A.B. asks: 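I'd like to ask some things about the structure below.
Here is how names work: the chains are called A, B, and so on, in the same order as the sequence lines, proteins then strands, and each is numbered from 1. Only a predicted model underlies this, so the values are computations on that prediction, with no experimental measurement involved.
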Protein chains: 2
Amino acid sequence: MPVESETARQPLSTQRILHAAVGFADEHGVEALTMRKIADELGCGVMSLYNHVANKEEMLAGMVDLVAAEIVPPAVGGDWREAMRASAATAHDVLLTHHWAPAEWSLRMPGPARIRYMDALLHVLSEAGLSSELVYRGYHAVTMHIVGFTLQQIGYRRGLTGDLEDLAGAFLADLADDYPYMAAHVHAHLAGDGHGDEFGFVLDLILDGLDRANAGS
Amino acid sequence: MPVESETARQPLSTQRILHAAVGFADEHGVEALTMRKIADELGCGVMSLYNHVANKEEMLAGMVDLVAAEIVPPAVGGDWREAMRASAATAHDVLLTHHWAPAEWSLRMPGPARIRYMDALLHVLSEAGLSSELVYRGYHAVTMHIVGFTLQQIGYRRGLTGDLEDLAGAFLADLADDYPYMAAHVHAHLAGDGHGDEFGFVLDLILDGLDRANAGS
DNA sequence: ACCTGAACACCGTTCAAGT
DNA sequence: ACCTGAACACCGTTCAAGT
């Protein structure tokens, strides 16, 4: 029996393709992702991929849902705010490591894993004693925060890494006169003034606000 | 003097290209935007564009900044929360009409107009009597909400328009058993249970929370 | 200085052929 | 049933040539 080169000879499958594509996007970004490159990585011809995924768009949808499956949904039954906080934290982690995912996430219809996650969030909120209106609104506020905040964080990370001089240099020096508040803010970023858990801070703003709105009406 | 066909013979310029590109993306989406199509729309050869924009990436950056320039920045001096609310509302409007913009916005470094807008937001927050830590965090919370909420809204709009049967039919009927909370939520969407100004509701959650956090420390 | 067609190196995907 | 190379209709962009 001839020894095959590493893992190259497992048969193709949707899962194998999706995993390879997620790994590639994690490393090189989704804009560099190409059907041909994924095929190369899997050691097969481009067209072989089309036996397992309909097209690139559906492959991207599958990748997003693979990421969604990594998120730990909130536990039902205990303290609802603690459950939301814990689940949001895992979602934040997952979306940060798959830094290409938030942008794709928000533009696509949810797949099975994401629907399961949505349902779990709504389940917890529904049993939190909130009015149905606040469940509806709170769900949007929380999911908006999870993907929106992470997306913003990824944007900052892109801008502030790499050539620090590009930004701290020309950028800051040129614009400090005209835009002092902006300059101070960028300085705070470069100084790492995160003040701890910013993601959780804004989430608590939302969660506390929901609680208060519920009690107040 | 020969009568020229409509507006076709104005000389090319960066502004003219950017405006045409924004109009095209508004109508057909940014994923359909092509250098060749923009050139056709302007009645010139593809390569003529490159005399005024360095490449497609820089053109997209210019388009985003053109959108940023449409946003009315908050007024300094009056009630800070009212100012933030008013400005956020115009930002929400602008980003909704240019539905391709939020996704591009969050992935790119800010251009001049967006920097001016960022500075104005920070200016208002800085004079609101908030601690510098709350200015920093509040700024992120507000900008996150503006683009994140709008992005989410656009995603829903995409999913829920078009074939309503696709969603209300197969989608809802199939998954109502397994995911009842999700099904109820989609029903609420289809019924139009917006309950008024959802964007403003979440913004107030954030603004009120900042106020309270400031008073409490 | 601005414009432009031809050409190049890529894409995603169809098709017809292999096993 | 799964795989695959050739081919097609597109991309963004370089280059050399026009005015």
Side-chain angles (χ1 to χ4, degrees), chain A residues 1-2 4-25 27-66 100 103-104 107-109, chain B residues 1-2 4-25 27-66 100 103-104 107-109:
Chain A
M1 58 187 81
E4 297 294 349
S5 71
E6 300 290 350
T7 66
R9 274 306 91 188
Q10 304 158 45
L12 231 42
S13 76
T14 307
Q15 284 305 306
R16 233 164 77 75
I17 292 172
L18 257 30
H19 271 104
V22 166
F24 184 93
E27 192 167 358
H28 304 104
V30 78
E31 68 281 351
L33 186 150
T34 273
M35 299 303 274
R36 283 169 163 88
K37 288 187 197 154
I38 300 302
D40 283 356
E41 200 140 295
L42 291 167
C44 69
V46 207
M47 291 317 298
S48 307
L49 301 177
Y50 287 84
N51 291 306
H52 302 95
V53 297
N55 49 41
K56 191 183 185 182
E57 164 58 30
E58 201 179 78
M59 189 174 87
L60 283 166
M63 291 166 63
V64 170
D65 216 51
L66 206 57
W100 50 272
E104 302 298 317
L107 295 173
R108 240 168 277 274
M109 293 280 294
Chain B
M1 58 186 83
E4 297 292 351
S5 71
E6 302 291 349
T7 66
R9 274 307 91 186
Q10 305 157 44
L12 231 40
S13 76
T14 307
Q15 283 306 307
R16 232 164 77 75
I17 292 172
L18 257 30
H19 271 105
V22 166
F24 184 93
E27 192 167 357
H28 304 104
V30 77
E31 68 282 351
L33 185 149
T34 274
M35 300 303 274
R36 282 169 162 88
K37 289 185 196 154
I38 300 302
D40 284 354
E41 200 140 295
L42 291 167
C44 68
V46 207
M47 292 318 298
S48 307
L49 301 177
Y50 287 85
N51 291 305
H52 303 94
V53 296
N55 48 42
K56 191 182 184 182
E57 164 58 30
E58 201 179 77
M59 189 174 89
L60 283 166
M63 291 166 63
V64 170
D65 216 51
L66 206 58
W100 50 273
E104 304 297 316
L107 294 174
R108 241 167 278 273
M109 293 280 295

A.B. asks: Looking only at atom types and distance, does a side-chain atom of A:E27 sit under 3.5 Å from a main-chain N or O of A:G23, one as donor and one as acceptor?
C.D. replies: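 The answer is no, because no donor-acceptor pair under 3.5 Å joins these two groups.
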A.B. asks: In whole Å, what is the span from the OH atom of A:Y50 to the P atom of C:dA17?
C.D. replies: 21 Å
A.B. asks: Could you tell me the separation between the CE atom of B:M47 and the P atom of C:dC8, rounded to a whole number of Å?
C.D. replies: 15 Å
A.B. asks: Given B:M35, which of B:I17, B:V53, B:D40, B:N55 fulfils the side chain to side chain contact (heavy atoms under 4.5 Å, CB included) condition?
C.D. replies: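 Single pass found, and it is B:V53.
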A.B. asks: Taking B:V64's backbone N and O only, do any of them form a donor-acceptor pair with B:R108's side chain (distance below 3.5 Å, no angle check)?
C.D. replies: no
A.B. asks: Once you round it to whole Å, what is the distance between P of C:dA1 and CG of B:L12?
C.D. replies: 17 Å
A.B. asks: Quick one: stems for DNA chain D, with Watson-Crick or G-U pairs under 3.5 Å, at least three in a row?
C.D. replies: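 Stems found: C:4-8 with D:12-16, C:12-16 with D:4-8.
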A.B. asks: Report the distance from atom CG of A:L42 to atom P of D:dC2, rounded to the nearest whole Å.
C.D. replies: 16 Å
A.B. asks: Does A:L49 or A:R36 map to a spot on DNA chain D nearer the 5' end, using the closest nucleotide for each?
C.D. replies: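 That would be A:L49.
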A.B. asks: Report which part of the nucleic acid A:T34 touches: base, sugar-phosphate, or nothing (heavy-atom distance under 4.0 Å, all strands).
C.D. replies: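 Sugar-phosphate contact only - A:T34 comes under 4.0 Å of backbone atoms but never of a base.
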A.B. asks: May I have the distance from A:H52 (atom NE2) to D:dT4 (atom P), rounded to whole angstrom?
C.D. replies: 10 Å
A.B. asks: Under 4.5 Å between any side-chain heavy atoms of A:I38 and A:M59, yes or no?
C.D. replies: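 Counting from C-beta outward, A:I38 and A:M59 do come under 4.5 Å.
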A.B. asks: For B:V30 versus B:W100, what's the shortest heavy-atom pair and its separation?
C.D. replies: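 It is CB-CB, 3.8 Å.
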A.B. asks: Which part of the nucleic acid, if any, lies within contact of B:M35, taking any heavy atom under 4.0 Å across all strands shown: a base, the sugar-phosphate backbone alone, or nothing?
C.D. replies: sugar-phosphate
A.B. asks: Expressed as a whole number of angstroms, how long is the span from B:I17:CD1 to C:dT4:P?
C.D. replies: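 These atoms are roughly 11 Å apart.
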A.B. asks: Is the backbone of B:S48 close enough, under 3.5 Å, to the side chain of B:N51 for a donor and an acceptor to pair up by distance?
C.D. replies: yes
A.B. asks: Using whole Å, what does the distance between atom P of nucleotide D:dC10 and atom NZ of B:K37 come to?
C.D. replies: 10 Å
A.B. asks: Does anything in residues 53-64 of chain B reach DNA chain C, meaning a heavy atom under 4.0 Å, and if so which residues?
C.D. replies: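 Here the set is empty: none.
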A.B. asks: How would you list, by chain and number, every residue that makes a side chain to side chain contact (heavy atoms under 4.5 Å, CB included) with B:L66, sequence neighbours excluded?
C.D. replies: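 Applying side chain to side chain contact (heavy atoms under 4.5 Å, CB included) to B:L66 gives B:Q15, B:L18, B:H19, B:V22.
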A.B. asks: Could you tell me whether the side chain of B:H28 reaches within less than 4.5 Å of the side chain of B:L33, counting heavy atoms only?
C.D. replies: no
A.B. asks: Please check this pair: side chain of A:E41 against backbone of A:K37, looking for a donor-acceptor N/O pair closer than 3.5 Å.
C.D. replies: no
A.B. asks: Just the rounded figure in Å: distance from P of D:dG12 to CD of A:E31.
C.D. replies: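 For the pair A:E31 CD and D:dG12 P, the rounded distance is 16 Å.
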